[in-house]
Protein chains: 2
Amino acid sequence: MILKSQVEWALHCCAILAGLPEGRYLSTKALAEFHGLPKEYLSKALQSLSQAGLVHTTLGPSGGYRLARTPAELTFLDIVEAVEGKARTFVCNNIRENNPCRPQGYCESSPCAVSRFMWEADEAWRAKLRSVRLSDLTEALAQEIPAELWKSSFEWVLERAG
Amino acid sequence: MILKSQVEWALHCCAILAGLPEGRYLSTKALAEFHGLPKEYLSKALQSLSQAGLVHTTLGPSGGYRLARTPAELTFLDIVEAVEGKARTFVCNNIRENNPCRPQGYCESSPCAVSRFMWEADEAWRAKLRSVRLSDLTEALAQEIPAELWKSSFEWVLERAG
DNA sequence: GCTGTGTTACTCGGATATGATTTGTCCGAGTAACGTTGG
DNA sequence: CCAACGTTACTCGGACAAATCATATCCGAGTAACACAGC
């Protein structure tokens, strides 16, 4: 059970978009080039973000993406769920129904204990993701990236932002 | 990102094994029949448990599996990791290395901020799983399963336990 | 009665097949900025 | 000078291909209990 690499891509792209000045857009091409990713496939991840309403998009030249909310209003969970879906990581197939001792027509009342425990763990994971905001990520990145690289990257992006 | 159904199977099977009297074994065949699962494939899940040291196995007739520890000493995390592996659910492909502004020979110090946050969430999930013991599951099951079904199931298992 | 042998029922592990999902590519439709043309 | 038109660069979405993983199935090797034969 491993998250799609699109999740990683979407997070990194959002971090870049978070640094974009108000009202400007960055194209898939620029994002793909910056991260060394296949443009066409990355566009799938960005489309997921767009469908989830996390980013705005404009068509035509100088079009592209920008965040739909401020980095403080966007959580990791928003981004992960946009790409990976909101479905729980554990699905219960109700195999208890196959119990040969089970009387005919016996109807299960509620989800079985196994799935309840697994869903609690899933919720703990989501709660942690919900607690991390995109602004927390940009702050952490600003600390760990050398100031010079940070600055040149920002300029690289600005040159391509429409 | 969805856990394998083998995880669900392993948890249910451990719940059954937890009710087994000391020193007795239950075969894959019986476990598969009880849960309505393909015997051959279920055996892969049980093999995983065996390799992780969570269950003991005996060969020959009246052979099968039994828990290697008491249900109070077995956690959900033990079982999930035995089947699903201990690898983190988020893998960092270090796409920051592709940054075109990055100077030649620049060496990343530590894992990037994105993966650190994702790994924290992963750890929250594991911590939750670690906090649930197999004995907690059997207690919950005992409460939600009608006493009659519980008893007949136990007898069904005992008839087949070697 | 006791020992040795064969049979049986099981686990274990490898090889293989199938289907789903992930990853990646390609192309056409629609759109907005911009330049160009015609009045 | 201004409006209409065409070009261009982008997004969006669908169709499709390849690779990887999950889900099975099959079979042979090894093992332990048991039955049975021979002493």
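Each chain gets a letter, A, B and so on, in the order the sequences are listed, and its residues count up from 1.
Note on B/Thr58: every side-chain N or O is 4.0 Å or more away from OP1 and OP2 of C/dT11. Phosphate contact (OP1/OP2 of C/dC12, side-chain N/O of B/Gln51, threshold under 4.0 Å): absent. Considering only side-chain N and O atoms, A/Ser5 lies under 4.0 angstrom from the phosphate OP1 or OP2 of C/dT23. For the pair A/Ser50 and D/dC12, the criterion of a side-chain N or O lying under 4.0 Å from OP1 or OP2 is met. For the OP1/OP2 pair of C/dC12 and a distance below 4.0 Å, the side-chain nitrogens and oxygens of B/Thr57 include at least one atom meeting the criterion.
The distance from atom CZ of A/Arg160 to atom C1' of D/dC10 is 16 Å, rounded to the nearest whole Å. Rounded to whole Å, atom P of C/dT21 lies 17 Å from atom CD1 of A/Ile2.
Under a 4.0 Å N-O distance rule, the pair A/Glu123/A/Arg130 qualifies as a salt bridge.
Closest approach to the A/Glu84 side chain among C/dT22, D/dT23, C/dC12 is made by C/dT22 (side chain taken as heavy atoms from C-beta onward). Picking from D/dT11, C/dC12, C/dA9 the nucleotide with the shortest atom distance to the side chain of B/Gln47 gives C/dC12.
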Problem set entry | Trace of the side-chain contact (heavy atoms from CB on, under 4.5 Å) decision for A/Leu129 with A/Thr75 | CA-CA 7 Å; A/Leu129 289 179; A/Thr75 69; over 6 Å; no
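Counting non-hydrogen atoms under 4.0 angstrom, A/Thr28 reaches the backbone sugars and phosphates but no base.
For A/Lys39 against C/dG24, a side-chain-to-base donor-acceptor contact under 3.5 Å is absent.
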